[in-house]
Number of protein chains: 4
Amino acid sequence: MADIGFIGLGNMGGPMAANLVAAGHRVSGFDLVPAAVESASARGVAAAASAAEAARSAEAVITMLPAGEEVRAAYLGEGGLIAAAGTGCLLIDSSTIDVASARAVHEAAADAGLPMLDAPVSGGVAGAEAAGLTFMCGGAEPAFARAKPLLEAMGRNIVRAGGPGTGQAAKVCNNMILGISMLACAEAFTLGEKLGLDPKKLFEISSVSSGSCWAMINHNPVPGLVEASAASRGYRPGFAAAMMQKDLKLSQMAANQAGAATPLGAAAAALYTLFVNAGHGDLDYAAIIKLVRNS
Amino acid sequence: MADIGFIGLGNMGGPMAANLVAAGHRVSGFDLVPAAVESASARGVAAAASAAEAARSAEAVITMLPAGEEVRAAYLGEGGLIAAAGTGCLLIDSSTIDVASARAVHEAAADAGLPMLDAPVSGGVAGAEAAGLTFMCGGAEPAFARAKPLLEAMGRNIVRAGGPGTGQAAKVCNNMILGISMLACAEAFTLGEKLGLDPKKLFEISSVSSGSCWAMINHNPVPGLVEASAASRGYRPGFAAAMMQKDLKLSQMAANQAGAATPLGAAAAALYTLFVNAGHGDLDYAAIIKLVRNS
Amino acid sequence: MADIGFIGLGNMGGPMAANLVAAGHRVSGFDLVPAAVESASARGVAAAASAAEAARSAEAVITMLPAGEEVRAAYLGEGGLIAAAGTGCLLIDSSTIDVASARAVHEAAADAGLPMLDAPVSGGVAGAEAAGLTFMCGGAEPAFARAKPLLEAMGRNIVRAGGPGTGQAAKVCNNMILGISMLACAEAFTLGEKLGLDPKKLFEISSVSSGSCWAMINHNPVPGLVEASAASRGYRPGFAAAMMQKDLKLSQMAANQAGAATPLGAAAAALYTLFVNAGHGDLDYAAIIKLVRNS
Amino acid sequence: MADIGFIGLGNMGGPMAANLVAAGHRVSGFDLVPAAVESASARGVAAAASAAEAARSAEAVITMLPAGEEVRAAYLGEGGLIAAAGTGCLLIDSSTIDVASARAVHEAAADAGLPMLDAPVSGGVAGAEAAGLTFMCGGAEPAFARAKPLLEAMGRNIVRAGGPGTGQAAKVCNNMILGISMLACAEAFTLGEKLGLDPKKLFEISSVSSGSCWAMINHNPVPGLVEASAASRGYRPGFAAAMMQKDLKLSQMAANQAGAATPLGAAAAALYTLFVNAGHGDLDYAAIIKLVRNS
């Protein structure tokens with residue numbers, strides 16, 4: 001069992017840290033929000049006074065933070081985790097952030113001789129609670145090998161995507177397809193309805209045809225077609241529209257920096273931004289059909 | 001066994017008519033192209049001198065024509081099929097056409113007291129040859145019930161989508177999602193590659209994750225990932241880009257007429273038009289990744 | 001002075017017919033809406049009992065109808081204007097309709113030996129009242145020469161765009177640019193504002209720079225920048241969003257039929273459709289900034 | 001007359017520095033490329049051994065660099081310009097860069113007590129040579145007042161857009177409209193042509209109508225319509241497509257960071273990226289019509 005520093009004990013990080021504790025690890029945790037620390041303490045995480053303290057004697061440090069800026073701030077510079085971590089400490093950033101920031105932190109870790117993984121997750125809060133997350137990992141093979149048993153305490157599907165930054169790349173590419181798929185369904189079911197086609201019939205046909213996609217079958221945006229979809233419970237998330245917008249924006253930042261053309265990805269990002277700016281960011285991402293259908 | 005008139009004996013109609021013959025029906029066929037008639041004759045279709053003649057004593061007439069204009073011309077007006085067909089003759093249009101034309105022909109048939117179905121297919125030439133097509137049918141339940149045994153001689157999956165025009169609506173909605181899905185994959189795999197992510201790894205991850213879709217798994221646009229995909233045989237179709245463009249354009253005609261907003265469908269239509277206008281209409285629709293990746 | 005039949009006496013057609021009367025012509029008018037006929041009568045238009053009657057002894061027939069369907073219905077078939085018009089009668093359709101319908105009517109007129117122009121207008125109700133419309137005419141040169149003096153009673157700028165249908169083509173192309181320009185301004189002024197840039201400053205800079213466009217200078221979507229813009233009077237039209245949507249949809253019908261790729265035109269059409277479907281079709285088209293800014 | 005340090009003596013910076021010399025200023029210049037320094041020396045710029053040396057005794061430092069990364073590297077950190085500059089030295093960054101980097105450098109300058117402007121230009125190499133640039137400046141009023149006489153030696157139109165970063169914001173917003181306008185023209189003239197409308201006629205009509213825009217009148221993408229347009233000289237730039245792509249990508253980085261929806265800007269960025277990736281970045285940005293028309 002390992003000594004683990006855990007930074008970021010929010011909706012995702014909190015249950016993840018608790019699952020590490022449940023698996024027998026000793027976890028020292030920190031969050032800027034005192035309530036998050038308290039709540040984690042109640043589940044067996046030792047409260048640290050700072051990120052640096054949480055990292056001090058850890059064999060591995062895991063971070064779960066909102067965005068690239070926070071991750072850079074946490075790892076880099078004088079008081080940062082890279083400076084605080086002991087020799088050989090394994091760094092794992094499970095935040096979903098921009099590829100450029102992920103690579104900047106990887107570089108600084110490499111300069112300091114510390115093994116590192118970017119390891120963003122999918123599965124949401126429910127997956128975090130149930131230790132059922134998917135981890136998409138970018139970094140060297142030995143770092144992945146060391147991380148895997150730790151990550152298995154929090155997830156079911158632990159994959160190495162490739163070198164530094166490819167964990168973020170995999171997540172961003174996967175979720176760009178997901179966002180586009182959801183909009184494709186929203187548009188097609190709305191068009192069908194305006195043409196007099198019962199959504200139930202379109203679902204019956206398309207879900208077993210060439211138009212089938214994961215979003216249609218699992219998160220269908222039309223209420224009543226798929227029981228487990230957020231559409232069937234008033235679009236209570238699930239995976240919030242604001243989170244989808246964040247991932248689509250990350251895909252566009254990456255595409256613009258890499259010089260890749262993603263016309264449908266760009267359109268999807270703009271449409272989710274319209275929807276979020278209109279005040280619907282807290283609804284499930286399937287609710288984008290409200291924008292398309294105007295209802 | 002029935003007397004059937006079959007109009008349009010091209011790449012699709014030819015083998016469809018032959019399968020009706022093979023199932024024991026008497027088929028009288030017509031096509032404006034003499035070579036198509038000859039080729040169908042060789043497979044047991046009786047050559048008629050005109051569409052009207054083919055329809056004259058038929059219990060059912062099936063049409064397989066390129067576009068709405070040809071379908072209107074074939075059915076409507078003085079010399080048209082509706083005028084030529086005998087009392088109670090069942091009309092089945094298996095062409096993929098615009099919803100407005102489909103409805104105009106339905107109306108004229110209803111005025112003449114003739115039962116009618118729009119019944120566009122998916123499955124391509126291979127499906128037509130193998131009697132493995134999917135038929136998406138729009139029209140009244142009794143017309144569907146009469147048509148079903150005939151269609152089963154040509155296809156495996158016979159579905160009623162609803163009232164007049166909904167067969168076309170179902171096809172157009174399904175294929176709009178397919179076209180968008182293919183572009184989503186083309187964009188995501190290209191973006192991933194530019195971010196240093198091996199397409200094999202992205203496929204491994206996304207094909208079992210929330211980004212999964214039928215196009216990714218069956219027609220993946222990256223060569224070498226899916227053996228059965230046209231991408232793995234130099235983009236030889238399969239389902240030609242020009243056919244996908246046609247279906248996407250139909251979706252946009254329908255959306256504009258119905259007042260439905262389909263921003264991603266519209267973008268997909270424009271991108272396939274760029275690709276087809278650049279001279280690549282004969283390649284498989286998966287080749288759209290060449291436009292996205294510029295290679 | 002000429003005998004003129006005028007069909008369609010609504011918001012546009014009413015004042016147009018009145019201006020013909022004011023210029024000394026004898027105008028016999030018809031509209032399906034009795035109130036429209038009455039109102040035109042009060043301005044000197046002689047009420048006809050039907051379109052055919054209005055056309056019977058006219059030297060020229062002018063139509064101002066909502067869409068292609070109405071225009072086809074008015075001109076074609078047994079009771080239509082082409083059948084009713086006397087030898088040599090000049091047909092002028094000033095409706096804004098799809099290019100395909102315009103060409104179908106042109107063909108029927110040519111078959112009947114009647115000269116014809118498609119002659120859609122710009123300038124709106126204000127232009128119609130003030131006899132200040134622009135007419136974009138498609139048809140043969142002699143027909144244009146005959147029509148010009150009549151049109152000058154209703155407009156200031158009478159242009160021949162080319163052969164049959166090119167009047168509609170010119171209008172649709174011009175207004176597609178206008179719709180795109182308006183969205184470009186809405187997006188840029190919103191982006192600028194989110195970046196801390198005062199819209200007044202951006203206007204000061206861009207209105208004399210390479211980003212300048214007619215929409216920015218005359219119909220600026222930001223309230224208070226341009227006094228004459230609908231934005232400065234609560235987006236009271238002016239040119240209603242629903243009319244812009246109609247023109248953008250016509251551009252997309254034409255593009256899909258002609259096989260032209262118009263990715264930005266398609267995006268603009270989808271965005272105006274979102275806006276109109278959300279219930280804002282009666283606002284000026286500059287109000288599209290409300291969709292973009294979410295306010 | 002002032003002592004000025006000038007960093008970045010390339011295609012733009014070289015002639016700008018020479019114009020400062022011509023106006024009587026003493027200019028000490030540096031560039032990482034020795035040939036650029038030599039060429040500037042020949043026009044009266046004193047060669048400095050490093051950026052820091054060029055800045056050492058300057059009253060004002062001007063930078064003209066390719067992107068945000070280079071600007072951050074030049075200004076920030078131990079050996080950077082902010083550290084090297086003397087008390088009260090005025091910093092002017094005329095590079096076109098992302099708003100976030102511009103603001104980061106502004107903040108560092110403010111921390112060091114140095115006045116600063118972001119002052120990107122438009123007008124291209126021709127404008128730089130002819131001292132005819134437009135400067136869009138962001139920063140405090142006193143800094144602008146001090147900079148103005150210096151900038152007037154290099155440009156004709158010196159505007160203050162507002163506080164820090166708004167110079168970049170103004171440029172990015174203006175050029176986003178320009179890129180969209182060019183695509184609107186490319187789409188409309190192509191659509192018109194496919195509808196049988198002579199581009200000359202469309203130009204005649206639209207250039208004096210509501211579809212008019214700066215791009216149409218000055219940089220019309222159809223060869224032969226506007227003599228001064230790059231289209232009339234084989235698309236030799238002028239303003240290269242790769243530069244337009246850069247500006248559109250900056251607009252999208254800014255939009256994603258600011259949470260602004262720019263659906264048409266996003267589509268334009270993707271289309272220019274397709275065009276540049278296809279190997280056409282060196283053509284004028286008006287050549288985007290080749291992508292749209294496929295010729």
Side-chain angles (χ1 to χ4, degrees), chain A residues 99 122 134 136 157 159-163 165-166 168-170 172-178 180-181 183-185 187-192 194-198 201-202 204-206 208-216 218-219 251 254-255 258-265 267-268 271 292 294, chain B residues 99 122 134 136 157 159-163 165-166 168-170 172-178 180-181 183-185 187-192 194-198 201-202 204-206 208-216 218-219 251 254-255 258-265 267-268 271 292 294:
Chain A
V99 178
S122 71
T134 292
M136 289 159 272
N157 194 14
V159 198
R160 179 170 172 258
T166 58
Q168 301 294 349
V172 117
C173 289
N174 182 78
N175 283 18
M176 187 175 82
I177 304 177
L178 176 60
I180 294 173
S181 293
L183 268 159
C185 292
E187 293 181 11
F189 279 82
T190 300
L191 173 58
K194 295 215 178 208
L195 297 173
L197 176 60
D198 184 341
K201 276 291 169 188
L202 178 54
E204 219 178 287
I205 293 168
S206 272
V208 296
S209 299
S210 54
S212 180
C213 59
W214 191 94
M216 183 194 289
N218 295 280
H219 290 169
S251 77
T262 58
L264 265 56
L271 291 163
V292 172
N294 283 291
Chain B
V99 177
S122 71
T134 293
M136 289 158 271
N157 195 14
V159 198
R160 181 170 172 259
T166 58
Q168 300 294 350
V172 117
C173 289
N174 182 77
N175 282 20
M176 187 176 82
I177 304 178
L178 175 59
I180 294 173
S181 294
L183 267 159
C185 292
E187 293 181 10
F189 279 82
T190 299
L191 173 58
K194 295 214 180 211
L195 296 173
L197 177 59
D198 184 341
K201 276 291 170 190
L202 179 53
E204 217 179 289
I205 292 168
S206 272
V208 296
S209 298
S210 55
S212 180
C213 58
W214 191 94
M216 184 195 288
N218 295 279
H219 290 171
S251 77
T262 57
L264 266 55
L271 291 164
V292 173
N294 283 292

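We name chains A, B, ... by the order of the sequence lines, and we start the count at 1 in each one.
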Taking all heavy atoms of Leu195(A) and all of Thr166(B), pick out the closest pair and write down the distance. O-CG2, 4.4 Å
Quick check on the interface: out of Gly162(B), Cys213(B), Gly192(B), Ala161(B), who has the most heavy-atom pairs with chain A under 4.5 Å? Ala161(B)
What part of Ser122(A) gets within 4.5 angstrom of chain B, counting heavy atoms only: side chain, backbone, both, or neither? neither
Is Thr134(A) in contact with chain B via its backbone, its side chain, both, or neither, using a 4.5 Å heavy-atom distance? neither
When heavy-atom pairs shorter than 4.5 Å are enumerated against chain A, which of Asn157(B), Ile205(B), Asn294(B) gives the highest number? Ile205(B)
Among Ile180(A), Val292(A), Leu264(A), which has the most heavy-atom pairs under 4.5 Å with chain B? Leu264(A)
Looking at every heavy atom in both Ser206(A) and Asn174(B), which two are closest together, and how far apart are they? OG-OD1, 2.7 Å
For Ala184(B) and Ile177(A) the tightest heavy-atom approach is O-CG1, 4.0 Å
Checking the side chain of Lys201(A) only, and the main-chain atoms of Arg160(B) only, is there a donor and an acceptor separated by less than 3.5 Å? yes
Flag the one option from Gly163(A), Ala261(A), Ser251(A), Ser210(A) with the top tally of heavy-atom pairs under 4.5 Å to chain B. Ser210(A)
For each of Ala258(B), Ala268(B), Ser209(B), tally heavy-atom pairs with chain A at distances under 4.5 Å, and name the one with the top tally. Ser209(B)
Under 4.5 Å from any heavy atom of chain B, what part of Leu197(A) do you find: side chain, backbone, both or neither? both
Report which part of Leu191(B) has an atom under 4.5 Å of a heavy atom belonging to chain A: side chain, backbone, both, or neither. both
Could you tell me which of Met216(B), Glu187(B), Glu204(B), Met136(B) has the largest number of non-hydrogen atom pairs under 4.5 Å with chain A? Glu187(B)
Give the member of Ala215(B), Ala170(B), Ala267(B) that has the highest number of heavy-atom pairs under 4.5 Å with chain A. Ala170(B)
Proximal component of Asn175(B), with respect to chain A [non-hydrogen, under 4.5 Å]: side chain
Output for pair (Lys194(A) NZ, Cys173(B) SG), nearest 0.5 Å, gives 12.5 Å
